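The structure appears right after this line, and notes come after that.
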Amino acid sequence: MKVQQIQTQNFARKQRFLSIDGTVNVQKLLNKMNSETVCKTAGDTFESKVLGRINIKNEAGFTDKRFLLAKSNKLFGESTLDFDKTKLVIDNTNGEITEYKKPFFKSWREVLSKAEDLIFTAVNNFDNNEIVKKKFVKVSGFTSEGAQKLQNIANNITNKN
C-alpha cells in the first residue's frame with residue numbers, strides 16, 4: 001500500500017480589529033492610566049508607582065503591557081482585556097486583536113461589542129472607584145548615574161583583586 005503525504009497549507013488567521021471608536025477609547029484609557037504614574041528620583045535611585053491594571057465593574061480586567069516607569073504619551077505595544085472566559089491582546093496603535101482566547105460558541109461580533117462596551121465604561125468612569133478599581137505596581141532601582149557609580153565601584157573591586 002502506498003502512503004501519500006498530505007500537503008497542508010498555511011492558513012492565515014483572519015485579522016480582527018476594534019472599531020475606530022474602540023481603538024480611540026483604548027488609547028484614551030492608556031493615557032488616563034499613564035497619567036496616574038508617579039516617578040520620584042532621589043539622587044542615584046528612583047521609585048515609580050505605575051498603574052498597570054484596572055478591574056472594570058468586577059467583570060473584566062484591562063492590563064497595560066507597556067510597563068512604563070515614567071509618564072509617556074507614546075502608544076506603542078499591547079494591552080490585554082480579560083472578561084467572560086475571553087482574553088484579547090490588543091495592539092495599542094491600530095486596535096488589532098493580535099492574540100485571543102475565546103469560547104468557541106461565542107461570536108466575534110458579541111466579543112468585540114462587549115470588549116468595546118467595557119473599555120468605554122472604563123474611560124467614562126475612570127475616577128469612580130466603585131466601577132474602576134486600580135492596581136498599582138511599585139518599582140524602584142538605580143538611575144543611569146547611580147548604575148554608573150555602582151559599575152565603577154564593582155570595577156574598582158575586581159581590579160584590586
Side-chain angles (χ1 to χ4, degrees), residues 8-42 44-148:
T8 59
Q9 296 177 346
N10 291 336
F11 291 103
R13 190 172 65 113
K14 184 175 179 180
Q15 287 182 305
R16 308 275 182 194
F17 291 87
L18 294 176
S19 69
I20 293 171
D21 289 339
T23 303
V24 168
N25 282 332
V26 165
Q27 294 171 355
K28 284 180 185 177
L29 183 57
L30 288 168
N31 285 330
K32 285 184 177 210
M33 288 174 69
N34 191 250
S35 71
E36 299 274 321
T37 297
V38 177
C39 184
K40 297 177 186 174
T41 57
D44 298 332
T45 61
F46 74 91
E47 185 174 292
S48 289
K49 184 177 159 187
V50 180
L51 179 56
R53 180 177 172 85
I54 60 171
N55 290 333
I56 308 161
K57 299 192 315 186
N58 294 326
E59 291 181 34
F62 183 85
T63 306
D64 182 359
K65 293 175 65 175
R66 296 176 297 171
F67 200 70
L68 301 172
L69 297 177
K71 292 183 182 181
S72 173
N73 292 328
K74 297 182 180 173
L75 292 169
F76 61 90
E78 297 176 329
S79 51
T80 60
L81 180 65
D82 301 304
F83 62 95
D84 298 340
K85 297 182 183 177
T86 300
K87 179 179 181 180
L88 303 177
V89 179
I90 304 165
D91 184 306
N92 296 336
T93 55
N94 62 9
E96 180 182 3
I97 308 300
T98 57
E99 294 177 40
Y100 66 90
K101 179 183 169 192
K102 74 172 194 66
F104 183 75
F105 292 108
K106 199 164 242 193
S107 72
W108 271 107
R109 178 177 289 147
E110 190 178 348
V111 167
L112 293 176
S113 175
K114 174 90 181 227
E116 290 186 13
D117 287 344
L118 288 166
I119 292 167
F120 180 78
T121 299
V123 168
N124 290 325
N125 297 287
F126 189 74
D127 294 321
N128 184 344
N129 293 331
E130 297 295 318
I131 297 174
V132 175
K133 296 198 181 358
K134 301 171 183 174
K135 305 287 183 182
F136 288 91
V137 176
K138 289 187 179 181
V139 180
S140 55
F142 291 103
T143 61
S144 57
E145 295 84 20
Q148 185 62 42

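Everything quoted here is computed from the prediction, not taken from an experiment.
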Test side chain to side chain contact (heavy atoms under 4.5 Å, CB included) on R16 and W108 and set out the steps. CA-CA 9 Å; R16 308 275 182 194; W108 271 107; 3.1 Å; yes

Is the shortest side-chain heavy-atom distance between [X] and [Y] below 4.5 Å?
X	Y	result
I54	L29	yes
K65	T80	yes
I90	I97	yes
V111	F83	yes
T86	K114	no

Rounded distance [0.5 Å steps], [atom1] in [X] versus [atom2] in [Y]:
X	Y	atom1	atom2	value
R66	D64	CZ	CG	4.0 Å
T45	F142	OG1	CZ	7.5 Å
L30	N25	CG	CG	11.0 Å
K87	K101	NZ	NZ	8.5 Å
E116	T121	CD	OG1	11.5 Å
C39	E47	SG	CD	9.0 Å

Heavy-atom pair of closest approach, residues [X] and [Y]:
X	Y	result
F46	T143	CD2-N, 4.1 Å
K85	P103	O-CD, 3.6 Å
A115	L88	CB-CD1, 3.8 Å
E59	L118	OE1-CD2, 4.0 Å
L75	T93	O-CG2, 3.1 Å

Between S35 (side chain only) and K32 (backbone N and O only), is there a donor and an acceptor less than 3.5 Å apart? yes

If you count the non-hydrogen atoms of other residues, nucleotides and ligands that lie under 6.0 Å from NZ in K133, is the total more than 12? yes

Please determine whether the number of non-hydrogen atoms from other residues, nucleotides or ligands lying under 6.0 Å from atom NZ of K106 exceeds 12. yes

Among T23, L81, N124, which residue meets the side-chain contact (heavy atoms from CB on, under 4.5 Å) test with I119?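 Only one of T23, L81, N124 forms a side-chain contact (heavy atoms from CB on, under 4.5 Å) with I119, namely L81.
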
Mind running side chain to side chain contact (heavy atoms under 4.5 Å, CB included) on I56 and F62 for me, showing each step along the way? CA-CA 8 Å; I56 308 161; F62 183 85; 4.3 Å; yes

Do NZ/NE/NH1/NH2 and the carboxylate oxygens of R53 and D82 come within less than 4.0 Å? yes

Cationic tip of K134 within the cone over F126's six-membered ring, i.e. under 6.0 Å and within 45° of the normal?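 Yes, K134 lies over the aromatic ring of F126.
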
Picking from T63, D91, N92, what satisfies side chain to side chain donor-acceptor pair (under 3.5 Å) with S79?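 Of T63, D91, N92, side chain to side chain donor-acceptor pair (under 3.5 Å) with S79 is met by N92 alone.
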
